[in-house]
Amino acid sequence: MKASSEMTLSDKDGGGAGAIARLLLRWYDDHARSLPWRIAPGSGESPDPYRVWLSEIMLQQTTVAAVAPYFAEFTRRWPTVADLAAAPDEDVLAAWAGLGYYARARNLIACAREVVAAGGVFPDTEEGLRALPGVGAYTAAAIAAIAFGRRAVVVDANVERVVSRLFAIRTPLPASKPEIRTATDAITPEDRAGDFAQAMMDLGARVCTVREPACLICPIANHCDAREQGIAAILPAKTPKKPRPERTGTAFWIERGEGDAREVLLVSRPAKGMLAGMRALPSDGWSARGDGDGVPPVNAHWQVLEASVTHGFTHFTLTMQLMAARHDGGDVPEGEWWPVARIGDAGLPTLFARAAAGALACWPDGDD
DNA sequence: TAAGCGTGGCG
DNA sequence: TCGCCAAGCTT
């Protein structure tokens, strides 16, 4: 890469790397976003590692806007890591419903319990943090820097974009990751590494955006190689993604009772794979690999509903048909009867929440 | 190493 | 509308 040779820490002379950090920190002092999990720069308050950790897990591949209400609810219900560790699994999973990437919720529980078992204090080093469930290279570095003030090289998708442009790295992602990390290391200051990391992320979110970067208001535009070369908007390059297959499947609405006593059968998804461990409607075995078989789980007088749900996952698109039946007293799949009036509290992931809404809209009273 | 793993917003 | 993208981790 070119960046490292150019940057070889002319840090002390006030040029290059050191200048970028100083400009960015000065910009951050005036322009930091106000976020629920963030301590304002210069406030003197010390961040709560629990809140930093919780926010970082929630923010993995997830937007600030989506996280905000979940962060508020989690910290209201479970103000400390000990509170979270003591919560029943199903409560935490249900509270996470809708946020996506449900392995994060299972790792969140495991991590909280590990921390409590170790005395209730988060590790304060990158290495110690990295060993926790759900904490990878990025998250460990971010917590070490933000919660504990340690110098750490924090590289997320924002930083990848900013650094790719700053040093005009033309190698496509993900092949360019090592080069980007080295370049980020070279511009990361010893002091205020947490603020620096957050400044880079704020810059990426508000200025050095994916489309139409706002170079005119960028505090480090004068240091940006891509801007000088007129290629900022087309960096970083990315290797093409594989096409998403389309799959079909069926979900089954099995109902019993009348009026206020109406109940629907919910199952728990297997511990591994899609939507692992989450409550769901029974379905027919659809997966990323193949279509469902359309075979209902029990014999009954099934009715095919008009509604269907199309849902895009990361790696495939699913169109799910809906079938409904009254429970006639025969065998049912293992599950729990859930009051239809409280279906919104079941903690269904979005796919099944939409399926349930579709079933209720098409089959409002269940008796025909 | 590359694939598996959610969801909602945006242009 | 629809493909791209977001404070990635795990296996």
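So that the names make sense, note that chain A is the first sequence line, chain B the second, and so on, each numbered from 1.
A donor and an acceptor atom sit less than 3.5 Å apart, one in the side chain of Thr62(A) and one in the base of dG6(B).
Using a 4.0 Å heavy-atom distance criterion, Gly98(A) is classed as a sugar-phosphate-only contact. Across all strands, Met58(A) comes closer than 4.0 Å to no nucleic acid atom at all (heavy-atom distances). Here Ile146(A) lies out of heavy-atom contact (under 4.0 Å) with every strand. Among the atoms of the strands shown, only primed sugar atoms or phosphate atoms (P, OP1, OP2) are found under 4.0 Å from some heavy atom of Thr139(A). Note on Leu99(A): a base of the nucleic acid sits closer than 4.0 angstrom, heavy atoms only. Using a 4.0 Å heavy-atom criterion, one finds that Ala103(A) contacts no nucleic acid atom at all. Ala66(A) comes within contact range of no nucleotide atom at all, as no heavy-atom separation falls under 4.0 Å. Residue contacts for Trp53(A): at a heavy-atom cut-off of 4.0 Å it reaches no nucleic acid atom on any strand shown.
If you take CG of Leu351(A) and P of dG8(B), they are 11 Å apart, rounded to a whole angstrom. Here the P atom of nucleotide dA7(C) and the CZ atom of Phe196(A) are 16 Å apart, to the nearest Å.
Residue Tyr101(A) has no polar side-chain atom (N or O) positioned under 4.0 Å from OP1 or OP2 of dA6(C). In terms of phosphate contacts, Arg130(A) brings a side-chain nitrogen or oxygen within less than 4.0 Å of OP1 or OP2 of dT10(C). Side-chain N/O atoms of Lys241(A) include one lying less than 4.0 angstrom from OP1 or OP2 on dC5(C). The shortest distance between the side-chain N/O atoms of His315(A) and the OP1/OP2 oxygens of dG4(B) is not below 4.0 Å. Residue Thr350(A) places at least one side-chain N or O under 4.0 Å from the OP1 or OP2 atom of dG8(B). Within the structure, a side-chain polar atom (N or O) of Arg161(A) is placed less than 4.0 Å from OP1 or OP2 of dA6(C). Applying the 4.0 Å criterion to OP1 and OP2 of dT7(B), one finds that His311(A) has a side-chain N or O inside that range. Taking side-chain N and O atoms only, Gln60(A) has no distance below 4.0 Å to OP1 or OP2 of dG8(C).
Comparing dC5(B) with dA7(C), their P atoms sit 23 Å apart, to the nearest whole Å.
Within 6.0 Å of the CG atom in Asp328(A), the count of heavy atoms belonging to other residues, nucleotides or ligands exceeds 12.
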